[in-house]
Every structure is written in structure tokens, then in C-alpha cells.
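Here the structure comes first, spelled out in C-alpha cells, and everything after it is commentary.
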Number of protein chains: 2
Amino acid sequence: MADPTFSIGRLAQASGCKVPTIRYYEQVGLMPPPARTAGNQRVYTRHHAERLTFIRHARDLGFPLDDIRDLLGLTETPTASCAEADRIARRNLESVRHRIQRLKLLEAELERMTEHCECGTVDRCRVIEILSDHDKCLADDHPPAP
Amino acid sequence: MADPTFSIGRLAQASGCKVPTIRYYEQVGLMPPPARTAGNQRVYTRHHAERLTFIRHARDLGFPLDDIRDLLGLTETPTASCAEADRIARRNLESVRHRIQRLKLLEAELERMTEHCECGTVDRCRVIEILSDHDKCLADDHPPAP
DNA sequence: CTTGAAGCTATAGCGACTAGAGAATTTAGG
DNA sequence: CCTAAATTCTCTAGTCGCTATAGCTTCAAG
């Protein structure tokens, strides 16, 4: 009859979030303030668990909290167009692709550094050398704007 | 005879760092405090420019400031073994590779989301659906520890 | 009833900057 | 030489997404 309820610790276990993180999400308005026991401890419902799973999952996918806030807003009016959700997801996909591209450049550069290091003294170190001389670097562009 | 000197603005231009970033690096001990004019403005030398280029370059390659501090320390004793520099570079290479792996999972998941979105209403949105249901997600592992 | 785990609030810290206020200094042009 | 504009100065606070700590209260098991 009555839905099961959870303490913050159980909710943390169920969701994979840490306890302080859940309180943080409440503080910044991502999670609604739950009911409290007589002794002031938080009591969560299945609704909270679902919402937190959504948040956790979106975080795992790299969505910033502001985007998650927007997505959560959308889920509350299910008849709204999902074009906005699509736009948010595409934006994050773009950002992920940018980061991959950039990191691949760095990977190549770091490989070059470590492969040619013969581990003598610092004054002949390939790592130091490449870091010191900008011209010897391949990946010298700047990271994309957020 | 006298080496050329730079104002903080020129050093910023030359290095690609922003002015407040240079001051920040001084504050956290990465850049040595430069001489000052009679009017208290910073006066930089070629040494500073080289050091800042090193820092900037290492930052571009994803080295954390603490690692950069260590590397700068090494450059000051050129007869030291470069094994430590090599170790730092390899550690960062590892970290970059981890991040690439992780981001590729996210990319696949986000592609799956956006490709199947038919942009109707939110209650049938593929993006929202996947975010809501953990079982529908491929990339549900947790990011690697720093 | 006791004990230990789990919960509470509040504050501060992380990394690596960035932004803003308000005052002082420098530089270029007239 | 003087003024106006650009640059620089210090200081504080804010960003993001938590995490850690301190010092307390409440809850659940035995």
C-alpha cells in the first residue's frame, strides 16, 4: 500500500551517488527537499530514487548540472516537444567529440615524448626538451571553448 | 647589452596566457616574483618568458600544476636523472588514454540517443528515455579515479 | 539501555583559473 | 608638457561539482 521509503544512505547505495552529493543536489535545487522524520532525518520515496538515477546517469554521460536541470524540467511536461532535449544531447555530443579530438593530439605528443626519452640526465631529456621548446610540439592549439 | 624586458601584458601576448593567469602563477609559486618599476608594475625578463612558455605548454598537454612544479624543479638541476620527468610524462599519458576511452563510450551512447530521437513529445523522447532507464544505457561504468 | 553507525548542519577546500571593483601608473598624441 | 586612454595594481569573490571536516543528534541492533 504505502510506497517504500529510503534513508539518505540507502538512496546513496541504490543510486551510486555519495551521501554528501545527494545533499548537495538538494542544496542546488536539483533534488526536491524530501520529508523528514521526527528527528529531522531525510525520508526519500521512489520518486526521489528515479530522479536521482536520472541525474546520476546524465552526469555519467558528461551533462553539466545546468543541462540536467533543463532536462528534468522537460520531463515534468511530457507533452512538450523533445526538440530541446535533442538539442541538449547534441550539444553534449559535440563537446565530447571535441574533447576526444583534443585528447588524441595530446596522446600523440605524450607518446612522442616518452618514446624518445633515453633517461639520461635532465639536460638531455626529451620530455623537458619538448616542453621547453614550443616549436618541437605538435599539439599546440588551444582547447575549445566550453 | 641589456636583455629586453616585458610588461605583464606583453608577456601575456608572447606566451598565450592571460594576464590574471600570470599573476595567479606567481601567487601559487610557479612563477618567481619579477622586479618592479618605480610605480610597482611587474617587469619580466627572457627567463620569465621561457619559464612561462614551459608552463603554458605543459598545461596544454594536460599536466596538472603540481606536476609542472616538479618538472620545473628538475630543469633547475640539469644533471639530475630524467627518470622522474619520464615517469611524470608517462603518468599523464596514462591519464589521457583513460579519458579518451571513457569519452568514446560516452560518444557512442550520445550518438545512440540523438540518432533515434524522432523529436515528437518528451514522453516518447529517446534522449529522456535512455537517461531515465539505466538498463538502456551502454556506458554505465564510473569514471576512473584521478 | 547502551553502543556504534548513520544522520544532521555549517563551513572550508579542491584545481585552475576568471571576473569585478576601484585606484594607480604608464604611454601616445597633440 | 599635458591630458586622455590604456594598462596595471591589489583585493575579493565566483566558477563547477563535488569532498572533507567538525561537532553534534538520532536511529537501530543487541
Side-chain angles (χ1 to χ4, degrees), chain A residues 5-31 33-44 48 52 54-72 92 95 99 102 142-146, chain B residues 5-31 33-44 48 52 54-72 91-92 95 99 102 106 142-146:
Chain A
T5 60
F6 317 93
S7 70
I8 196 169
R10 290 207 183 282
L11 184 60
Q13 271 188 304
S15 67
C17 289
K18 296 186 183 166
V19 168
T21 306
I22 298 174
R23 288 196 279 246
Y24 169 75
Y25 287 161
E26 181 182 332
Q27 188 186 308
V28 299
L30 273 178
M31 289 292 288
R36 301 284 186 133
T37 65
N40 200 34
Q41 302 200 349
R42 291 171 176 82
V43 180
Y44 293 98
H48 292 96
L52 186 55
F54 185 103
I55 295 171
R56 167 89 171 128
H57 196 171
R59 283 296 299 138
D60 279 350
L61 287 167
F63 289 87
L65 292 189
D66 279 352
D67 282 357
I68 297 175
R69 214 184 307 271
D70 292 348
L71 289 168
L72 283 166
N92 279 275
S95 145
R99 280 184 275 163
R102 166 115 186 108
H142 303 331
Chain B
T5 60
F6 316 92
S7 69
I8 196 168
R10 291 205 182 284
L11 185 60
Q13 273 188 304
S15 67
C17 289
K18 295 185 183 168
V19 168
T21 305
I22 299 174
R23 288 196 279 247
Y24 169 75
Y25 286 161
E26 181 182 332
Q27 188 185 309
V28 299
L30 272 177
M31 289 292 289
R36 301 286 185 131
T37 65
N40 200 35
Q41 302 200 350
R42 289 170 178 83
V43 179
Y44 292 99
H48 293 96
L52 186 54
F54 185 103
I55 295 171
R56 166 88 171 130
H57 197 169
R59 282 295 302 138
D60 279 350
L61 286 167
F63 289 87
L65 292 190
D66 280 351
D67 282 358
I68 297 175
R69 215 185 306 271
D70 292 348
L71 289 168
L72 283 166
R91 167 153 42 85
N92 279 274
S95 145
R99 280 184 276 162
R102 165 112 188 111
L106 305 190
H142 304 330

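The analysis underlying the following values was restricted to heavy atoms, covering all of them including side chains, and did not include hydrogens, waters or symmetry mates. Letters A, B, ... are given to chains in the order of the sequence lines, protein chains preceding strands, and every chain is numbered from 1.
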> CZ of B/F63 to CZ of B/R69: how many Å apart, nearest 0.5 Å?
Replying inline: 15.0 Å

>> Please classify the nucleic acid contact of A/R23 as base, sugar-phosphate, or nothing, using heavy-atom distances under 4.0 Å.
In response: base

> Mapping B/A38 and B/G62 onto DNA chain C by nearest heavy atom, which one lands closer to the 5' end?
Replying inline: B/G62

> Taking the side chain of A/Q41 as its heavy atoms from C-beta onward, which of D/dT10, D/dG17, C/dG7 lies nearest to it?
Replying inline: C/dG7

>> Let me spell it out: for each of B/L65 and A/N40, pick the nucleotide of DNA chain C with the closest heavy atom. Which residue's pick is nearer the 5' end?
In response: A/N40

>> Distance check needed: C/dT18 P versus B/Q27 CD, whole Å only.
In response: 14 Å

> Within this structure, what is the CG-to-C1' distance between B/D67 and C/dA16, rounded to whole angstrom?
Replying inline: 14 Å

> Between C/dT26 atom P and B/F6 atom CZ, what is the distance in whole Å?
Replying inline: 19 Å

>> Regarding B/F63, tell me which of base, sugar-phosphate or nothing describes its non-hydrogen contacts under 4.0 Å with the strands shown.
In response: nothing

>> Rounded to whole Å, please give me the gap between CZ in B/R10 and C1' in D/dT8.
In response: 13 Å

> CD1 of B/I8 versus C1' of D/dT8: gap in Å, rounded?
Replying inline: 8 Å

> Rounded to the Å, how far apart are B/Y44 OH and D/dT7 P?
Replying inline: 16 Å

>> In this structure, how many angstroms lie between the P atom of D/dC9 and the OH atom of B/Y24, rounded?
In response: 18 Å

> If each of A/P64 and B/S7 is mapped to the nucleotide of DNA chain D with the nearest heavy atom, which maps nearer the 5' terminus, i.e. the 5' end?
Replying inline: B/S7

> Of the candidate nucleotides D/dC9, C/dT18, D/dC18, which contains the atom at the shortest distance from the side chain of B/R36?
Replying inline: D/dC9

> Can you check the A/R59 CZ to D/dG17 C1' distance for me, whole Å?
Replying inline: 6 Å

>> Using 0.5 Å steps for rounding, measure from the CZ atom of B/R36 to the CD atom of B/Q41.
In response: 9.0 Å

> Between atom CG of B/L52 and atom CZ of B/R59, what is the distance when rounded to the nearest 0.5 Å?
Replying inline: 12.5 Å

> Counting only side-chain N and O atoms of B/R42, is one of them less than 4.0 Å from OP1 or OP2 of D/dT10?
Replying inline: yes

> Can you tell me if the side-chain N/O atoms of B/Y25 get under 4.0 Å from OP1 or OP2 in C/dC17?
Replying inline: yes

> Atom CE in B/M31, atom CG in B/L11: separation rounded to 0.5 Å?
Replying inline: 6.0 Å

> Is any side-chain N or O of B/T37 closer than 4.0 Å to OP1 or OP2 of C/dT26?
Replying inline: yes

>> Counting only side-chain nitrogens and oxygens, does B/T21 get under 4.0 Å of the OP1 or OP2 atom of C/dA16?
In response: no

>> So which atom in A/Y25 and which in A/C17 form the shortest heavy-atom distance, rounded to 0.1 Å?
In response: CE1-SG, 4.3 Å

